[in-house]
Amino acid sequence: MSEPAAEVPSDGEPRTSSVAAAVESLRRSVLLCELMPGQQIRQDEMAATLGVSRVPLREALRVLAGEGLLIHRPHQGYFVAKLSAEQFQQIVFLLDYLETELIRTARWPTTEELQQLCDLNAQVLHASEASDLATAADLNRRLHFMVFRLSPQEFLLGEAERFWQLAQPYRLLHVASSDMTRSAHQHNELIDALAAHDRGLCLRISSDHRRSTTAVAIGMIDSAGASRHRPVAGL
């Protein structure tokens, strides 16, 4: 049986595919800081940029507002969500718990999986050295979640993915301003601990890695307030 056709509104534009494409394009623009935190979405301009009508664009904006990447202000429109240092620390606090539990309950990776982690880490460093920050941030995320997916805790994994997404614009700023050689070294230490089946070492390295990256991200959010807010955990 053939699948039902996508809804076609009066302007002839396939609604379902247009909304999905608009959601993906907007999400990518936010996560890669092409649309900066606090920036207003000009709907006429954005619809023209994405090549869609206002109707699927508004639906896409509602989807991203539901994800927390955008906020809607009555009589003003949609804006890219902007986190304060305090809000960011709340996300970090939750991620500290979630990531710790995911690593605590993870199975040990196979030899093939360990090699895949090593390959990803090498790609992270290569992209960073080439100043391809978007690729470096994406590969960094893939590496971390390859480790997290070793855990059977699917609900915790889903929540970790949600909070990582909310923090992603600031994570990209961290990649742009940090020593990725040090980060890659920490990744290698974690991979070695996984290979050695040393749970305690895995947890310690992961915690140290998060703490070392949080200070940079918080400084990028609110440099004036960085001295007043000590990071509880990190990314």
Side-chain angles (χ1 to χ4, degrees), residues 31 67-68 83 85 87-128 135-175 177-221 229-235:
L31 297 183
E67 294 179 0
L83 299 176
Q87 290 170 324
F88 185 78
Q89 284 192 340
Q90 290 177 45
I91 290 176
V92 162
F93 178 82
L94 292 168
L95 280 172
D96 188 49
Y97 170 76
L98 293 168
E99 294 179 13
T100 297
E101 285 301 299
L102 288 169
I103 291 180
R104 187 182 66 80
T105 58
R107 64 172 174 79
W108 299 119
T110 65
T111 301
E112 181 180 357
E113 289 168 334
L114 288 169
Q115 185 58 54
Q116 290 172 355
L117 288 169
C118 289
D119 292 344
L120 275 173
N121 196 31
Q123 293 173 48
V124 170
L125 187 57
H126 177 75
S128 177
T135 298
D138 180 62
L139 290 167
N140 179 68
R141 182 185 186 283
R142 286 172 56 190
L143 185 153
H144 281 273
F145 275 88
M146 184 174 176
V147 174
F148 299 153
R149 288 190 179 94
L150 296 172
S151 169
Q153 305 294 336
E154 295 182 0
F155 182 80
L156 298 184
L157 178 65
E159 289 299 291
E161 289 179 324
R162 183 166 70 91
F163 287 120
W164 262 69
Q165 182 164 272
L166 290 176
Q168 182 65 15
Y170 305 97
R171 193 185 305 277
L172 184 62
L173 294 176
H174 155 255
V175 170
S177 58
S178 295
D179 179 3
M180 290 305 291
T181 300
R182 180 187 178 191
S183 183
H185 177 69
Q186 291 173 325
H187 291 161
N188 278 331
E189 288 182 330
L190 177 60
I191 294 168
D192 288 344
L194 288 167
H197 295 188
D198 190 330
R199 185 82 59 188
L201 184 58
C202 287
L203 291 168
R204 181 179 64 77
I205 292 170
S206 180
S207 178
D208 289 347
H209 182 53
R210 287 194 300 271
R211 290 177 184 276
S212 67
T213 59
T214 297
V216 176
I218 288 181
M220 298 299 293
I221 294 173
H229 303 291
R230 295 295 181 185
V232 182
L235 299 178

Calculate, to the nearest 0.5 Å, the distance between atoms CG and SG belonging to Asp192 and Cys118 respectively. 7.0 Å
Nearest-0.5 Å distance that lies between atom CZ in Arg162 and atom CG in Leu157: 13.0 Å
NE2 of His185 to CG of Leu125: how many Å apart, nearest 0.5 Å? 12.5 Å
Does a side-chain heavy-atom distance below 4.5 Å link Thr100 with Arg210? yes
Are the side chain of Asn121 and the backbone of Ala184 linked by a donor-acceptor contact shorter than 3.5 Å? yes
Closest approach of Leu166 and Glu67, non-hydrogen atoms and distance? CD2-O, 3.4 Å
Do Ile103 and Ser151 come close enough that some side-chain heavy atom pair is under 4.5 Å? no
Pairing donors with acceptors under 3.5 angstrom, does anything connect the side chains of Asp119 and Gln123? no
Provide the closest heavy-atom pair for Glu99 versus Trp164 in the form atom of the first, atom of the second, distance. OE2-NE1, 2.8 Å
For Ser207 and Leu203, indicate whether the former's side chain and the latter's backbone hold a donor-acceptor pair under 3.5 Å. no
Verdict with reasoning, Phe163 to Gln90, per side-chain contact (heavy atoms from CB on, under 4.5 Å): CA-CA 10 Å; Phe163 287 120; Gln90 290 177 45; over 6 Å; no
From CG (Asp208) to CG (Leu190), nearest 0.5 Å: 11.0 Å
How close do Leu98 and Ala160 get, heavy atom to heavy atom, and via which atoms? CD1-N, 3.7 Å
Option from Glu113, Glu161, Glu154 for which salt bridge (charged side-chain N to carboxylate O under 4.0 Å, His left out) with Arg149 holds: Glu161
If you measure only the distance, is there a donor-acceptor pair under 3.5 Å linking the side chains of Arg104 and Ser206? no
Atom pair CG/CD1 of Leu201 and Ile205 - distance to nearest 0.5 Å: 3.5 Å
When every non-hydrogen atom of Ala136 is compared with those of Ser128, the smallest separation belongs to CB-N, 4.0 Å
For Met146 and Leu120, which heavy atoms make the closest approach, and how far apart are they? SD-CD1, 4.1 Å
If every non-hydrogen atom of Asn140 is compared with every non-hydrogen atom of His187, which pair is closest and at what distance? OD1-CE1, 3.0 Å
Going by the angle between their ring planes, with limits at 30° and 60°, are His144 and Phe148 parallel, tilted or perpendicular? tilted
Would you call Leu117 and Leu194 a side-chain contact if the rule is heavy atoms closer than 4.5 Å? yes
